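Nothing fancy with the numbering, it's 1 onward along the sequence. Everything numeric in this text was worked out from a predicted model, so none of it was measured.
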Amino acid sequence: NSIADTRDRFILQGTVAYDLTDWLTASLRSGSDIFRFNIDQRFDGAFLNGSFVNPSYEGGFNFVNDYRNEHNTELMLRADRRVTPAIQVNAMLAGSVRREYFSTTSTQTTGLSVENIYNVSNAAITPTLGQFVARRNMNSVYGSAAATFNGWWTVEVTGRNDISSTLPRGEHSNFYPSVNTALVLSVALPGLNNQWLSL
């Protein structure tokens, strides 16, 4: 009563980047992850445990084939520039697409006409067939901008908008904003630096 499975996976990813100026960089990244998983499960006529095989026939089988593919592509612009002697700006703007595909098929029967021939044409009991397909697309735009003042106070805003194919029409777009700030007090107030308190 053999159970064999095979798994094949192929992962490919590449990135190209180009410096448009000394402070602006563009990059394109893309990759795919392809995965196959096959199960070949065979039962002879003597296999009655779990009652999968009908004792009136000569065995059975269960075959499963899975396929999954995920593809991601991202285009990004990055900027890092000192706009005044006291202000350093760091910004990013990007867009990405994600495509997911999954399918599975299964064929099983609990009875064979002739033993040890594990083929649909040898099924004494009508095989049970299963099929499932799922697709999902996600388009995203996101960015951030941060300004650092005098090397010790940073203010940053970010935003991301996702459009998903799995959400209802009219509700498939979601926006996620954020604002944050950070202070480096040991730089802003050098008098705080001592043997007990550092950065």
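Although no hydrogens or angles enter the test, the distance criterion places a donor-acceptor pair under 3.5 Å between the side chain of H71 and the main chain of G31. A donor-acceptor contact shorter than 3.5 Å is absent between the side chain of R169 and the backbone of H172. One N or O on the side chain of N54 and one on the backbone of S56 form a donor-acceptor pair closer than 3.5 Å.
At least one side-chain heavy atom of I34 sits less than 4.5 Å from a side-chain heavy atom of Y67. For the pair D8/F10, no side-chain contact is recorded, criterion being any heavy-atom separation below 4.5 Å from C-beta on. Using a 4.5 Å cut-off on side-chain heavy atoms (C-beta onward), D19 and T25 make contact. Side chains of D162 and S164 form no contact here, defined as non-hydrogen atoms less than 4.5 Å apart. Counting heavy atoms from C-beta on, the side chains of I39 and N62 never come closer than 4.5 Å. A 4.5 Å side-chain heavy-atom check between S27 and R78 finds every atom pair outside the cut-off. Counting only heavy atoms from C-beta outward, the side chains of Y176 and Y142 never approach each other to under 4.5 Å.
The structure places CZ of F61 at 11.5 Å from CD of Q41, a figure rounded to the nearest 0.5 Å. Rounding to the nearest 0.5 angstrom, the gap separating the CZ atom in R136 from the CG atom in L167 is 7.5 Å. We find the CZ-OG distance between R98 and S165 to be 9.5 Å, quoted to the nearest 0.5 Å. Note that CZ of R29 is 11.5 Å distant from CG of L75, once rounded to the nearest 0.5 Å. Here the CZ atom belonging to R99 is positioned 12.5 Å from the CZ atom belonging to R135, to the nearest 0.5 angstrom. Once rounded to the nearest 0.5 Å, the distance linking CG of L112 with OH of Y57 reads 11.0 Å.
Under a hydrophobic clustering in which Ile, Leu, Val, Met, Phe, Trp and Tyr are joined whenever their side-chain heavy atoms come within less than 4.5 Å, directly or via other members, M92 and V16 fall into different clusters. V187 and W153 fall within a single hydrophobic cluster, where Ile, Leu, Val, Met, Phe, Trp and Tyr are joined by side-chain heavy atoms under 4.5 Å apart, directly or via other members. Under a hydrophobic clustering in which Ile, Leu, Val, Met, Phe, Trp and Tyr are joined whenever their side-chain heavy atoms come within less than 4.5 Å, directly or via other members, L183 and I87 fall into the same cluster. By the rule that hydrophobic residues join a cluster once side-chain heavy atoms approach within less than 4.5 Å of another member, V89 and F149 end up as members of one cluster. Under a hydrophobic clustering in which Ile, Leu, Val, Met, Phe, Trp and Tyr are joined whenever their side-chain heavy atoms come within less than 4.5 Å, directly or via other members, V141 and I163 fall into different clusters.
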For this session: Could you walk me through whether N161 and S173 pass the side chain to side chain contact (heavy atoms under 4.5 Å, CB included) test, one step at a time?
Result: CA-CA 7 Å; N161 194 83; S173 179; 3.1 Å; yes
Exercise. Would E70 and N72 count as a side-chain hydrogen bond (donor to acceptor under 3.5 Å, both in side chains) if you check the C-alpha gap in whole Å, the side-chain angles of each, and the deciding distance to 0.1 Å?
Worked result: CA-CA 7 Å; E70 180 176 339; N72 292 277; 3.1 Å; yes
Exercise. After noting the C-alpha distance and the side-chain angles of N137 and V97, does the key distance pass the side chain to side chain contact (heavy atoms under 4.5 Å, CB included) rule?
Worked result: CA-CA 7 Å; N137 297 334; V97 295; over 6 Å; no
For this session: Evaluate the criterion side chain to side chain contact (heavy atoms under 4.5 Å, CB included) for residue pair R7 and D5; output intermediate values, then yes/no.
Result: CA-CA 7 Å; R7 303 165 193 246; D5 68 72; 3.3 Å; yes
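Ion pairing of R42 with D44 is absent here, as no side-chain N (NZ or NE/NH1/NH2) approaches a carboxylate O to less than 4.0 Å.
In the displayed structure, Y18 atom OH is contacted under 6.0 Å by at most 12 heavy atoms of other residues, nucleotides or ligands.
Looking at every heavy atom in both residues, S144 comes nearest to T158 through CB-CG2, 3.7 Å. Nearest heavy-atom pair, T154 versus A146, reported as atom, atom and distance to 0.1 Å: CG2-CB, 4.3 Å. Of all heavy-atom pairs between D66 and N38, the closest is N-OD1, 4.1 Å. Across every non-hydrogen atom of S103 and V133, the tightest pair is CB-CG2, 4.0 Å.
Defined by atom type and a distance below 3.5 Å, a donor-acceptor pair is missing between the side-chain atoms of N69 and S32. Side-chain N/O atoms of D80 and Q88 include a donor and acceptor closer than 3.5 Å. With hydrogens and angles left out, the side-chain atoms of T73 and S30 include a donor and acceptor closer than 3.5 Å.
Partners of A145 according to the side chain to side chain contact (heavy atoms under 4.5 Å, CB included) rule, which considers only residues two or more places apart in sequence or in another chain, are A91, V157. Partners of F35 according to the ring pair (Phe, Tyr, Trp, His ring centres under 6.0 Å) rule, which considers only residues two or more places apart in sequence or in another chain, do not exist here.
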